[in-house]
Amino acid sequence: MTMTPYEQNFGAEYQRSLVSLGQAMRQIIRHFGVDTLYGVGGDFAANLIAALDQDGLTVSPSSNEMHAGFCACAQAELEGIGFCLTTYTVGSLPCATAAALAKTEGLPVVFISGAPGEDEVHQSGIHHMVQPGNSWRAEYDAALHAFAAMGIRSERLQGDRSRGQPNISAFRFFELVKHAWLHREPVFIEVPRNLVFALTQPLLLPPLDHLAGPDLVFAGLEAVLGTIVQKLQQARAPLVYFGVQVRRNPELTRLMHAFCHRFQIPYVSDWFAKGAVDETDPLCLGAYNGAFSDPAIRHCIESQTDYVLDLGSSIIAQDTASAFHTGTHFIADFENKTVVKSTVAREAELIRIVQGLLDADLPVYGFQAPQRQAPALAPEAKFDFHVLVDVINQVQQDQAFGSVFVPEVGNSFFASFGLSPKATEIGINWLANPWYAAMGTSLPYARVAAESIRRRQSTDRTVVLTGDGGFHFQLNELIHFQKQALPVTIVYMRNDIFHLGKSGDGPIYHCSTRSFDVLQLVRAYGGDGQRCETIGAFADYYRRCLEENTGIRLIEVPCAQDPQYQCREISLLNLYIKARNGNPEAMRQWQEVSR
């Protein structure tokens, strides 16, 4: 019997230990706690699909590659890491939007692309290559260059390079996935199709809690902790202001919550961190953003706070989370504060600081939340954006379950910052992309949220808040809700235009037509719906949709453009956009408002 080069070099026992790259990839993906990849098939990905779609791992289809990437982004939010699988260039390049979202929002998403076999890469052009037929050269690395141009670590795996020495493609795959998980950023990996079933070096995977390493290289944490304790001891009304680094880390969120409750200190998030905590908690002041904040909460923060502990907010000042640089963000300009932002993997130093604060000798501050009078909501009054969150917040009070709210970019997105969602069993109650704000994410995000709720046998509900423009970007994703019988309630705010930032009446602002029958469309997907024009009609049907929690439910709300039917956030934002675009009257009004 002829020995293989591997057996000749390292012996029969080592030969028996070798696994295929596909087997190793399955092992690595499952090791990071994932059982689903989202993708779209293709010829160069066929071997990967065959190798990965087994042994408890599922390659789940999406309606297009961009939506597969968006699903993987939502998976990273909910499960800690996400995976997307597509074919070479024609499949991977459409994921660039989702990759940019993942890069901007700090999401660990692994974009995997099938690629030509190493024996196919030569001077001939291969279909799917990004080049014209009369090109003078063959360009095989267009997707690698495209992802790398966004600052994303990109690599094509390689096969054997020495006779008798098995390749290290599995190890390189593990290192790239580990990089995404540790540093919360996307990676892009091309896998030549001839390597999928080729043998590779076996791996002994370390536990996830060992990946970051046990030691911190930065000194001085005790000094930082001592300074914070001293300032807290001198304060009468401290406030914890937390950012996205806390939201992305469930352990850090838990510690911050325990610290605030132990010493009765109020806490508030920036806009990027919304969704991490129970906003019905008396100590929680929701999301703060200067002039765009709830007036009662804004007054409480800006008139009482004498010390701010800023935990893990943005490293660089960013307009979205700083009241769009209007000069009205009290916390950004407040002098008596301590800013602690993580610079190491998995926020290890922030965890140690908050652990130390839990054991510190501090007074109990006895914070009293501001009294907020519930708005009067007459059942026969018109339902529109001006009462959207007030009605949902009031209905939520009588519900024994939590909801994951998924707002679509546009008016619904900015109105949703007024929501006060209660805790959910899956740990996130508001799911969006506030910094990158890519339109077309809400249904892929909601799909993954509904899958996660089902997998964990949770009582949570999934609620999409969308305008008609954003809905039309992505409604083909409803086919997967139908196939999987996933429950979702869609609040469809209809005005047939792209209203947010509207600066004219040109055709580009018209996203729909009055003759479009959205309820008939939803019924084609096996769902049901109702048109609701009053507060009472909306509240009754919305309550029923969430209580029954079956299939696709859509609530169509006819919306008006009149100022009295816009919520504060939308009115302010539209005024701000017009002012930034140079409209003289808007500039004058904005100066008055921000003053």
Practice problem: First locate atom CE of M439, then atom CD of E408, and finally report the distance between them rounded to the nearest 0.5 Å. | Solution: 5.5 Å
Practice problem: Examine F174 together with H31 and report whether their ring centres are nearer than 6.0 Å. | Solution: no
Practice problem: Using the side chain to side chain donor-acceptor pair (under 3.5 Å) rule, take T441 and N433 through it: C-alpha gap first, then chi angles, then the decisive distance, then the call. | Solution: CA-CA 8 Å; T441 60; N433 47 300; 3.1 Å; yes
Practice problem: Decide side chain to side chain donor-acceptor pair (under 3.5 Å) for Q158 and R161; before the verdict, give the C-alpha distance in whole Å, the side-chain angles of both, and the deciding distance to 0.1 Å. | Solution: CA-CA 8 Å; Q158 297 185 11; R161 290 296 182 266; 3.3 Å; yes
Quiz prompt | ring pair (Phe, Tyr, Trp, His ring centres under 6.0 Å) pairs, two or more places apart, involving residues 33-55 | solution = F44-Y88, F44-H127, F44-H128
Quiz item: Under the side-chain contact (heavy atoms from CB on, under 4.5 Å) test, which residues partner A99, sequence neighbours left out?
Solution: F111, F147, M150, I152
Quiz item: What residues form a salt bridge (Lys or Arg N to Asp or Glu O under 4.0 Å) with R456, not counting sequence neighbours?
Solution: E79
Practice problem: Begin from the C-alpha positions of C95 and T86 and carry the test side-chain contact (heavy atoms from CB on, under 4.5 Å) through to its verdict. | Solution: CA-CA 9 Å; C95 293; T86 59; 3.7 Å; yes
Quiz item: What pairs with E347 under salt bridge (Lys or Arg N to Asp or Glu O under 4.0 Å), at least two apart in sequence or on another chain?
Solution: R184
Quiz prompt | For S412, all residues meeting side-chain contact (heavy atoms from CB on, under 4.5 Å), sequence neighbours excluded | solution = F385, L465, M493
Practice problem: Describe, in one word, how the ring planes of Y288 and Y241 are oriented to each other, choosing from parallel (under 30°), tilted (30 to 60°) and perpendicular (over 60°). | Solution: perpendicular
Practice problem: Assess the side chains of D270 and S313: does a donor N or O sit below 3.5 Å from an acceptor N or O? | Solution: no
Practice problem: Mind checking side-chain contact (heavy atoms from CB on, under 4.5 Å) for N47 and listing every partner two or more places apart, or none if nothing turns up? | Solution: R193, V196, F197
Self-check item: Qualifying salt bridge (Lys or Arg N to Asp or Glu O under 4.0 Å) pairs, either residue in residues 476-496, two or more places apart
Solution: R447-E477, R494-D496, R494-E556
Quiz item: Is there a donor in the side chain of Q245 and an acceptor in the side chain of R248, or the other way round, less than 3.5 Å apart?
Solution: no
Quiz item: Using the benzene-type ring in the case of Trp, are the ring centres of F417 and W430 under 6.0 Å apart?
Solution: yes
Practice problem: May I ask you to check whether T36 and E451 show a side-chain donor-acceptor distance below 3.5 Å? | Solution: no
Practice problem: Could you point out which residue of N194, L48, L195 forms a side-chain contact (heavy atoms from CB on, under 4.5 Å) with L21? | Solution: L195
Quiz item: Going from CG on L85 to OG on S113, what distance comes out if it is rounded to the nearest 0.5 angstrom?
Solution: 8.0 Å
Quiz item: Do NZ/NE/NH1/NH2 and the carboxylate oxygens of E175 and R153 come within less than 4.0 Å?
Solution: no
Self-check item: Partner set under ring-ring contact (aromatic ring centres under 6.0 Å, His included) for F471, not counting sequence neighbours
Solution: Y492
Quiz item: In chain order, what residues pass the salt bridge (Lys or Arg N to Asp or Glu O under 4.0 Å) check against D35, with sequence neighbours excluded?
Solution: none
Exercise. For R580, look at atom CZ and say whether over 12 heavy atoms of other residues, nucleotides or ligands are found less than 6.0 Å away.
Key: no
Quiz item: Quick one: do the Q474 and S442 side chains pair a donor with an acceptor below 3.5 Å?
Solution: yes
Quiz item: Who passes side-chain contact (heavy atoms from CB on, under 4.5 Å) against I168, sequence neighbours left out?
Solution: F171, R172, Q201
Self-check item: Results of salt bridge (Lys or Arg N to Asp or Glu O under 4.0 Å) for D53 - residues two or more places apart only
Solution: none
Quiz prompt | With S458 via side-chain hydrogen bond (donor to acceptor under 3.5 Å, both in side chains) - residues at least two apart | solution = E425, D460
